[in-house]
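Reviewing the structure listed below.
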Protein chains: 2
Amino acid sequence: MDTYDVIIIGGGAAGLTASIYTRRKKLSTLVVSINMGGQTNLTEHIENYPGYLDLSGPKLMQLFDEQSKNFGTEFVFGKVAKLEKRGTGFTATLANGEAYKAKAVILAYGKVPRSLGIPGEEHFLGRGVSTCATCDMPLFNKKTVAIIGGGNSALEAAELGSKFCAKVYLIHRRNEFRGDPVTVDKIKAAHNVEMVLNAVPVEVRGDKFVKAMVIEDVTTKEKRELPVNGVFVEIGYITQTDFVKHLVELNKSNEILINEQCETRTPGLFACGDVTNVPYKQTIISAGQGAIAGLSAYNYLQKLEGKPTVKTDWA
Amino acid sequence: MDTYDVIIIGGGAAGLTASIYTRRKKLSTLVVSINMGGQTNLTEHIENYPGYLDLSGPKLMQLFDEQSKNFGTEFVFGKVAKLEKRGTGFTATLANGEAYKAKAVILAYGKVPRSLGIPGEEHFLGRGVSTCATCDMPLFNKKTVAIIGGGNSALEAAELGSKFCAKVYLIHRRNEFRGDPVTVDKIKAAHNVEMVLNAVPVEVRGDKFVKAMVIEDVTTKEKRELPVNGVFVEIGYITQTDFVKHLVELNKSNEILINEQCETRTPGLFACGDVTNVPYKQTIISAGQGAIAGLSAYNYLQKLEGKPTVKTDWA
């Protein structure tokens with residue numbers, strides 16, 4: 001088994017950027033990921049990635065991927081089940097048993113969608129219930145959907161739904177949206193989006209496919225059934241840190257704690273992007289962090305061999 | 001005098017990204033800067049800005065600028081000479097006496113080029129001595145130039161020089177380059193670049209224009225005169241913090257200390273990009289930080305008015 005200079009776990013904005021930086025430093029680099037593009041893929045229109053006035057998330061991630069491959073990054077699809085440090089090196093074992101070794105590891109695998117935890121949700125997943133509007137909204141052409149959530153993901157799902165669906169219910173437990181005011185304005189202007197505020201979902205109903213969503217008013221506790229064909233759960237994400245918790249510190253949100261150089265508490269183990277305690281969760285922020293993690297991994301390997309490092313300041 | 005929600009000092013990658021984020025939150029935003037594009041402008045080819053496989057620095061910054069203006073950012077050209085906090089607001093006074101007020105300020109004005117401090121350098125500035133290869137190298141078509149430095153800026157200047165000039169001397173005080181190995185390889189392959197290692201510049205000579213550069217071998221102390229028409233000083237940058245030092249903490253490199261939310265020690269005053277202690281100095285890192293600073297400024301203003309803030313985590 002060959003030993004890579006760097007294994008990057010995660011193929012989203014953070015991981016792909018880290019790989020661009022490690023490859024430009026000629027470090028042999030393997031990206032292990034369950035997908036290519038991560039959370040950015042879930043956004044239909046990105047208007048706030050500097051340098052692109054309007055681009056879809058999947059298109060932007062395709063460009064990151066192409067750039068990384070141009071510099072010679074290797075890729076393997078899979079989920080890392082175990083990460084061990086032995087001496088100065090690391091071994092990453094995938095769920096299928098394949099194992100890869102590296103001198104340094106960068107954790108960049110982001111988050112997984114949070115679920116509502118209500119009756120019917122899991123049962124109808126893939127049969128009307130979705131956590132990816134970008135992927136699945138086109139399946140609901142001229143149909144009725146409910147979108148659950150109050151942040152940018154939910155708002156963007158509603159905007160997308162307004163283009164495809166006969167009717168969109170946007171269900172939010174508060175009376176105000178957390179998302180960008182410009183996106184809120186767009187949705188208010190859409191004639192086929194009905195905002196249902198101060199309401200929480202309590203059950204997904206159907207037969208073979210989803211037929212209805214039951215919601216409850218948070219103040220009156222009154223329940224009502226909305227006839228829908230689809231339910232989009234857009235209420236955020238959680239971290240999965242079980243396989244690394246012996247090597248890193250976590251905060252109360254279960255995010256991996258890093259310093260300003262993207263170092264974890266284990267030498268040679270770095271982290272970047274949404275899986276860390278970096279504030280806000282944005283493609284450009286994850287990419288910036290990926291660059292830092294890539295350069296820090298390079299400096300770590302250079303120091304191991306007594307070679308010159310990249311300066312961190314202008315001194 | 002109107003009061004802006006946010007004044008951003010600096011129009012490079014960090015400042016422009018911050019303005020994209022504040023404008024998308026509908027905050028009235030003024031960017032004050034001595035130029036548009038900052039340090040990124042000085043790079044001829046950027047291959048490591050994720051999403052663009054190869055683009056010139058000025059072109060990338062033009063895209064940032066266009067994106068920021070599309071969202072309604074206002075711009076004024078000028079140098080901020082004084083920044084004062086009065087109550088919860090700030091007043092920024094330019095060198096020409098114009099003053100602007102804001103509820104929050106983001107410092108994003110980067111660095112200024114470091115000088116060699118040798119005889120003739122200042123005298124011949126603009127008459128053969130330059131600190132911007134991207135701007136000035138084309139003026140030395142078929143001529144001979146000396147480039148001073150060992151980092152990426154010097155290497156990129158040498159690569160650019162190899163395309164225009166009859167002869168390029170790359171003068172570096174060490175015997176190894178700090179820059180990217182891929183760029184070093186490109187320069188080694190160029191037939192018209194002569195690397196002069198272990199050497200320091202001691203004098204720039206000429207009459208109306210530069211005629212020669214005197215260098216000294218660091219080990220033998222032997223001096224020799226290289227006949228050159230141009231001298232590119234590419235030895236890094238320094239911070240200018242006199243006008244803000246009463247409001248922020250500085251580290252030993254004279255960089256503004258920030259926490260992970262880009263906050264300084266003064267409430268309402270944020271900083272991002274090369275002027276801060278963020279490690280490494282890269283366009284993508286500055287842009288990521290600009291997004292954080294913009295969102296943190298928004299959260300600060302929302303909190304002042306008791307309104308909802310953008311979440312910093314996935315909790």
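All values below were derived from every heavy atom in this structure, side-chain atoms included, with hydrogens, water molecules and symmetry-related copies excluded. Naming: A, B, ... by sequence-line order, numbering from 1 per chain.
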Among residues 173-181 of chain A, residues within the sub-4.5 Å heavy-atom range of chain B, in order of number, are A/Glu176, A/Arg178, A/Gly179, A/Asp180, A/Pro181
Top residue by heavy-atom pair count (under 4.5 Å) with chain A, among B/Thr183, B/Ile20, B/Leu295?
B/Leu295
Among A/Ala13, A/Ser68, A/Gly51, which residue forms the greatest number of heavy-atom pairs with chain B at distances under 4.5 Å?
A/Gly51
Could you check whether any side-chain heavy atom of B/Asn48 comes within less than 4.5 Å of a side-chain heavy atom of A/Thr17, counting everything from C-beta outward?
no
Non-hydrogen atoms of chain A under 4.5 Å away: do they reach the side chain of B/Asn299, the backbone, both or neither?
side chain
Less than 4.5 Å to any heavy atom of chain B: does that hold for the side chain of A/Tyr52, its backbone, both, or neither?
both
Got a sec, which residues hit ring-ring contact (aromatic ring centres under 6.0 Å, His included) with B/Tyr49, two or more places apart in sequence or on another chain?
A/Tyr49, B/Phe64
Does the side chain of A/Glu47 reach to within under 4.5 Å of the side chain of B/Asn70, using non-hydrogen atoms?
no
Any non-hydrogen side-chain atom of A/Ile292 less than 4.5 Å from a side-chain atom of B/Pro279?
yes
Any residues in residues 150-159 of chain A near chain B, with a heavy-atom distance under 4.5 Å, and which are they?
none
Are any non-hydrogen side-chain atoms of A/Tyr21 and B/Ile285 less than 4.5 angstrom apart?
no
For chain B, find its close neighbours in residues 258-265 of chain A: heavy-atom separation under 4.5 Å, sorted by number, or none.
A/Glu260, A/Gln261
Sub-3.5 Å donor-acceptor pair from the side chain of B/Tyr280 to the main-chain atoms of A/Ser296, do we have one?
yes
B/Lys26 side chain near A/Asp185 side chain, heavy-atom distance below 4.5 Å:
yes
